[in-house]
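Below: the structure, in structure tokens.
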Amino acid sequence: MMYSSVMLKRLTNLNFFKKQYMLYSSISGNIQDLSYRGINKVNFIPTLDINEPSLNSMPIFRILDDNGDIVSNCNSVPVIIPENDELLKMYKSMVLLSIMDKILYESQRQGRISFYMTNEGEEAAQIGSAAGIHFNDQVYGQYREAGVLLFRGFTPEQFMNQCFGNIEDLGKGKQMPVHYGSKDLNFVTLSSPLTTQLPQAVGTAYSFKLLKNNRCTIVYFGEGAASEGDAHAAFNFASTLNCPIIFFCRNNGFAISTPANEQYRGDGIISHGPGYGIATIRVDGNDILAVYNATLKAREYVMTNTRPLILEAMTYRRGHHSTSDDSTAYRSKDEIEQWANKNPITRLKKFLEKKNLWNDQYELEYTKDTKKQIMQMFAIASKKNKPNWKEMFNDVYYEIPDHLLEQMNSLENHISHYPEHYVIE
Amino acid sequence: MAFSISFQSSILTTTIGVFKRSLSTTRMLANKQMTVRDALNTAMDDEMERDERVFILGEEVALYDGAYKVSRGLYKKYGEQRVIDTPITEIGFAGIAVGAAMAGLRPICEFMTFNFSMQAIDHVINSAAKTFYMSAGRVNVPIVFRGPNGAAAGVAAQHSQCFGAWYGQCPGLKVISPYSSEDARGLLKAAIRDPDPVVFLENELLYGNQYPITDEVLDKEFVLPIGKAKIERKGDHITLVAHSKGVELALEAAKELSSVGIEAEVINLRSLRPLDINTIIESVVRTNHIISVEQGWPYAGIGSEIAAQIMESEAFYHLDAPLIRVTGADVPMPYTKSLEIAALPQINDIAEAVKRILGVKDV
């Protein structure tokens, strides 16, 4: 924002006049010397045209088709297929995520936790990208990236401890459900206000550049989040400050209830790339191998060039936005069903079956065992003690200030007088 | 300038025994002066030299040396990686600062004025202030958000608001509002070294003012404690508690009142959060009267908070009269000079309030 008093100051800035003078003097002099500070190349034309935006959509990169076969013309691309163990880890992570989702979603419906958000339909976008970055890279999630955290080593126990806010929750019961974070796993604690993670991730990428520590940042967001001013500020800053960052957009078709075609009028989120001078990739978000390869390539690009990149994964949010809405109010069951056939988990399963790495028997055993384990963990997490009440006062400031210490002591006094009224854990 | 001269003369007329503390820091003054602008500038320079992680970002801070020249010379000295002119988006560079702080740097985020920080307030409140708590103590966010705050002159509603009460309300933030050059230098250096996010509210009209300083203040290791007020003037009849430009008004009023035999004690809050309520209480126990002075709005303001905390403390029983808040008028700032004057607390308003509380009739 630039307001009146500031504008006056700017106008009196000598540089301003100098620039103007240089421009005029070059016009009256040699016309070929003319250049504008705001564009790269000067080309005058005698015709007056309105530049309509292109109606063409950028193509979508994919490796696997809906049947789990490698697409026929894929040979032209140097595609990297992960080792068998890695492929199985990716697949199992997707399945585990979907099982955990079902259990925690149900637990919210039963009133056992206050809130939950599922990842259904977007498992490939999450796990594929998590596999494509380095452990040292910093991850900023939006809120639908549990799979990324899972793949980096966050355990199902840790997810459940967080959702219950129990004594073993890394967040000590201070953050609402699904707002995970793990400093050890380089995953920033989630922030509810939409899109604040984008400029912050750019700031982190900028730090990495200054610290020359060979790390980059990946920041996740939905296509709806890209409508926030934060997103545009972040794109512009990342580009002007040359930051090594991957902007990973999960274009899942809905911002809560608002469909993507009412969210913007351009060609998806990568259409912002040229405007901000940022490179882009568009990928099939339900094809885990495509997402993996695209992320590998994106990481190589941002590190080699110290430049940002927007990676748009086209996908579909099959679940509700969160436990606070019912998506059948704004989309048909048929539509949801149609996308069930493009399930990213099934697609990888078909590919693995064709490679003889997986079969129905394995599937049955794995899902049965996983369900059982997660149910057990769930029962344990729900019964664990809650954090000590003193935690309420901790971590407001680096050192606890006097007024909070006074309140803590006063509460301690009170509780010691009336222990029968309090559960002390 | 006019003010700093009168400030010194008021000190010179005081007796040495009573004012030991203030004299000990002002003895050499007569020859050493520094503007608030230079105090802020040298504070940042010292800290950038001391710690490579410290950098400045904001609009016009580099090539143009800052809209108010507070960052003068720093771009030349530290280069474009550490003094960054950003595109014009507060939401962008405040967010950048939060992310950089999370990743281990120590940003100084300059808002051209705090009025524009409203565009970025989500990053200040929801991210900077709360992340340490939300990460259960794992990720601290050491940032200084600084820039001019409160009423300037002739710039009306959208350039003249005090955000002391706004930011002061939020746990997780520290909020500083300096008055003199000593305050500005000592507190900004402390803020840059602090592990928590600090909102540092400067005042455009004070930037050019010169204040006496000592060699101690010029020392590279000089810092002031955040959360401690300073008694700028001793007095036994009434306590005037103020911050920033309000301190200047209170000192002027105290000088005027002195000529009619009323000795007011003036407390410069320096820090709005944490608030040094103990210094206020100790003073009230002696003077039995208190007036708060601020340029911001009365509703839920800094004066209101002081009134509430006094009610909850033993100082309440020492009061001979209720507290009066002298504040800006409860209206957006008008532009026309005569209206602007009417909307801001004046020296006379303070003197009148003091006389009213003490039951003194005009001489």
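This structure is a prediction, so every number in the text was calculated from the model and none was measured. To find a chain, count down the sequence lines: A is the first, B the second, and so on, and within it residues start at 1.
Within the 4.5 angstrom heavy-atom criterion, only side-chain atoms of B:Ile84, from C-beta onward, approach chain A. With a 4.5 angstrom heavy-atom cutoff, B:Lys174 touches chain A via backbone and side-chain atoms both. For A:Gln197, no part lies under 4.5 angstrom from a heavy atom of chain B. Of the two parts of B:Glu80, only the backbone, made up of N, CA, C and O, holds a non-hydrogen atom closer than 4.5 Å to a non-hydrogen atom of chain A. For a residue to count as touching a neighbouring chain, one of its non-hydrogen atoms must lie under 4.5 Å from one of that chain's; by this rule A:Leu404 does not touch chain B.
Note that the CG atom of B:Asp196 and the OH atom of A:Tyr398 stand 9.0 Å from one another [nearest 0.5 Å]. Note that the CE atom of B:Met134 and the CG atom of A:Asp395 stand 12.0 Å from one another [nearest 0.5 Å]. One distance of note links CD of B:Gln81 with NZ of A:Lys209; it measures 5.5 Å at 0.5 Å rounding. Annotation: the span from A:Leu241 atom CG to B:Thr86 atom OG1 amounts to 8.0 Å, rounded to 0.5 Å. The distance from the CG atom of B:Asn140 to the OH atom of A:Tyr397 is 14.0 Å, given to the nearest 0.5 Å. Here A:Lys172 contributes atom NZ and B:Ser135 contributes atom OG; the two are 9.0 Å apart, rounded to the nearest 0.5 Å.
Between chain B and the options A:Thr217, A:Asp169, A:Leu198, A:Leu210, heavy-atom pairs under 4.5 Å are most frequent for A:Leu210. Ranked by heavy-atom pairs under 4.5 Å with chain B, the list A:Leu211, A:Leu170, A:Leu190 is led by A:Leu170. Most heavy-atom pairs under 4.5 Å with chain B: of the set A:Met392, A:Gln138, A:Glu399, this distinction falls to A:Met392. With chain A as partner, the option from B:Asp194, B:Ile277, B:Leu173, B:Asn126 having the largest number of non-hydrogen pairs under 4.5 angstrom is B:Leu173. The candidate from B:Gly104, B:Ala156, B:Gly137 with the greatest count of non-hydrogen atom pairs under 4.5 Å with chain A is B:Gly137.
For the pair B:Thr131/A:Val188, no side-chain contact is recorded, criterion being any heavy-atom separation below 4.5 Å from C-beta on. Side-chain contact between A:Pro199 and B:His123: present, with at least one pair of heavy atoms (C-beta onward) separated by less than 4.5 Å. Put simply, the side chain of A:Lys174 does not reach to within 4.5 Å of the side chain of B:Phe132, judged on heavy atoms. When side chains are defined from C-beta on, A:Asp402 does not count as touching B:Pro274, because their heavy atoms never get closer than 4.5 Å.
In terms of heavy atoms, A:Ala233 sits closest to B:Thr89 at CB-CG2, 3.6 Å. The minimum heavy-atom distance linking A:Thr204 with B:Ala103 is given by the pair CG2-CB, 3.7 Å.
Atom NZ of B:Lys76 sits in a sparse spot, with 12 or fewer heavy atoms from other residues, nucleotides or ligands closer than 6.0 Å. Around OH of B:Tyr335, the count of heavy atoms belonging to other residues, nucleotides or ligands within 6.0 Å does not exceed 12. Under a cut-off of 6.0 angstrom, the local environment of CD in B:Glu49 is crowded, with over 12 non-hydrogen atoms contributed by other residues, nucleotides or ligands. The environment of A:Asn214 atom CG is sparse: at most 12 non-hydrogen atoms of other residues, nucleotides or ligands sit within 6.0 angstrom. Enclosure of atom CZ in B:Phe316 is not indicated, since only 12 or fewer non-hydrogen atoms of other residues, nucleotides or ligands lie within 6.0 angstrom.
The ring-ring contact (aromatic ring centres under 6.0 Å, His included) check on A:Tyr140 picks up nothing, with sequence neighbours excluded. When the side chain to side chain contact (heavy atoms under 4.5 Å, CB included) test is applied to A:Ser191, the partners found at least two apart in sequence or on another chain are A:Pro193, A:Thr196, B:Ser127.
Remark: the backbone N or O of B:Leu105 is not paired with any side-chain donor or acceptor of A:Ser207 at under 3.5 angstrom. Side chain of B:Arg138 to main chain of A:Asp184: no donor-acceptor pair is present (N/O by atom type, distance under 3.5 Å, no hydrogens or angles).
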Derivation and outcome, side-chain contact (heavy atoms from CB on, under 4.5 Å), residues B:Tyr133 and A:Asn394: CA-CA 7 Å; B:Tyr133 195 77; A:Asn394 287 335; over 6 Å; no
